[in-house]
Amino acid sequence: MHLSDAHHSRKVVAGACMVVAPILLLVATVIHPASDMDEATQVATIADNLDAWYAAHLLALVSIVLTVPALLGLMHMLRERQVTLGHVGGGLAMLGLLAFVGLVAMELVMWQLVRDGDTGAAVSLLTGLNESAGILIPFAVVSFGVSIGMALLAVGLYRARAVQSWMAVCVGVGAIVFGLGIATAMNWLTIVAAAFLV
């Protein structure tokens, strides 16, 4: 690989990220402790699984970072055919990724509070976050842009015949199922979604 060849280097980086990002996401979802809609139960789970909680979110954060060049690579694959799906899907997915960074950061703050033994403050903070439209809309709602955007990219890839049809289907199914898994706090769904994305 010659770093002076910018076109080749971009393709190699995007391709590597398309492989590594979903693998890291799969590992993160597998080791992630159980999710729960009840704040007190969730904080108790964090307290019982501090290391796993931290590792899962750290891996998720790295996966998000690596997903950016992967998405740019998918958008580039649609630069000649299905340009609109590439731009809209890629834009929504990027916006969703930014929101996901915020969600992961909040989860790491919860980890720090519980680690310091302040479970009461952690429950209070988590309750406030879950009931605040000022947090839910820009972070929880906007994060679904990843699922919608990647599904649109998958449709574009399928219609442009830029990849094998089964690959496009896996990306689309994985993206939608991941959104459902996050929305319903069902860890097994996020594991299935990450497996599809891999």
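Throughout, numbering of the chain's residues begins at 1 and tracks the sequence.
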### Query
Are any non-hydrogen side-chain atoms of L72 and R10 less than 4.5 angstrom apart?
no
## Note on the structure
Here the gap from L58 atom CG to L108 atom CG, rounded to the nearest 0.5 Å, amounts to 7.5 Å
Name every donor-acceptor pair, under 3.5 Å, that has one atom in a side chain of residues 143-154 and the other anywhere in the protein, sequence neighbours excluded.
unit_1	atom_1	unit_2	atom_2	d
S143	OG	F139	O	3.3
S143	OG	A140	O	2.7
S147	OG	A175	O	2.8
S147	OG	G179	N	3.3

### Message
Is the shortest side-chain heavy-atom distance between V13 and C17 below 4.5 Å?
### Response
yes
### Message
If you count heavy atoms of other groups shown closer than 6.0 angstrom to CG of D51, is the number above 12?
### Response
no
#### Entry: From CE (M94) to CG (L71), nearest 0.5 Å
5.0 Å
## Note on the structure
When every non-hydrogen atom of L189 is compared with those of G181, the smallest separation belongs to CB-CA, 3.6 Å
#### Entry: T67 vs L97 side-chain heavy atoms within contact, under 4.5 Å
yes
### Message
Please check: side-chain N/O of T190 versus main-chain N/O of F178, any donor-acceptor pairing under 3.5 Å?
### Response
no
### Message
Show, in sequence, the C-alpha distance, side-chain angles and deciding distance for I182 and L103, and conclude whether the side-chain contact (heavy atoms from CB on, under 4.5 Å) test is met.
### Response
CA-CA 11 Å; I182 295 294; L103 291 175; 5.6 Å; no
### Task
Using a 4.5 Å cut-off on heavy atoms from C-beta on, say whether the side chain of V114 contacts that of W53.
no
### Heavy-atom pair of closest approach, residues P22 and V198
O-CG2, 3.4 Å
### Query
Are V109 and L61 linked, directly or through other ILVMFWY residues, by side chains that come within less than 4.5 angstrom of each other?
yes
### Query
What is the minimum heavy-atom distance between A14 and P69, and which atoms define it?
CB-O, 3.7 Å
### Query
Could you state the interatomic distance from CD1 (I191) to OG1 (T29), rounded to the nearest 0.5 Å?
5.0 Å
## Note on the structure
Rounded to the nearest 0.5 Å, the CE atom of M37 sits from the CD atom of Q42 at a distance of 10.0 Å
### Query
If you take all heavy atoms of P33 and N187, which pair is closest and at what distance?
O-ND2, 2.8 Å
### Query
For the hydrophobic clusters of this structure (ILVMFWY residues joined by side-chain heavy atoms under 4.5 Å, transitively), does one cluster hold both L129 and V104?
yes
### Pairwise side-chain hydrogen bond (donor to acceptor under 3.5 Å, both in side chains) hits with a residue in residues 122-135, at least two apart
E39-N130
### Query
Where is the tightest heavy-atom contact between V123 and A40, given as atom of each residue plus distance?
CG2-CA, 4.0 Å
### Message
Restricting to non-hydrogen atoms, name the atom on L78 and the atom on G86 that form the minimum distance, rounded to 0.1 Å.
### Response
CD1-CA, 3.7 Å
### Query
Can any side-chain N or O of D116 pair as donor or acceptor with the backbone N or O of D118 at less than 3.5 Å?
no
### Query
If Ile, Leu, Val, Met, Phe, Trp and Tyr residues are connected whenever their side-chain heavy atoms lie under 4.5 Å apart, and connections chain through other members, are V27 and L66 in the same group?
yes
### Message
Count I, L, V, M, F, W, Y as connected when their side-chain heavy atoms are under 4.5 Å apart, and connections chain through other members. Are L197 and M18 then in the same cluster?
### Response
yes
### Message
Tell me whether R79 contacts the main-chain N or O of H76 through its side chain, where contact means a donor paired with an acceptor under 3.5 Å.
### Response
yes
### Task
Nearest 0.5 Å please: distance from the CG atom of L125 over to the CE atom of M106.
9.0 Å
### Query
Can you get from V171 to V68 by hopping between Ile, Leu, Val, Met, Phe, Trp and Tyr side chains that sit under 4.5 Å apart?
yes
### Task
Please lay out, stage by stage, how M167 and L157 fare under the test side-chain contact (heavy atoms from CB on, under 4.5 Å).
CA-CA 9 Å; M167 291 179 184; L157 292 168; over 6 Å; no
### Query
Who are the ring-ring contact (aromatic ring centres under 6.0 Å, His included) partners of W111, not counting sequence neighbours?
Y54
### Summary
Interatomic distance, OG1@T119 vs CG@L126, rounded to 0.5 Å, equals 12.0 Å
### Query
With a 4.5 Å heavy-atom cut-off, do V30 and L26 have their side chains touching?
yes
#### Entry: Under 3.5 Å donor-acceptor, T45 side chain and T41 backbone
yes
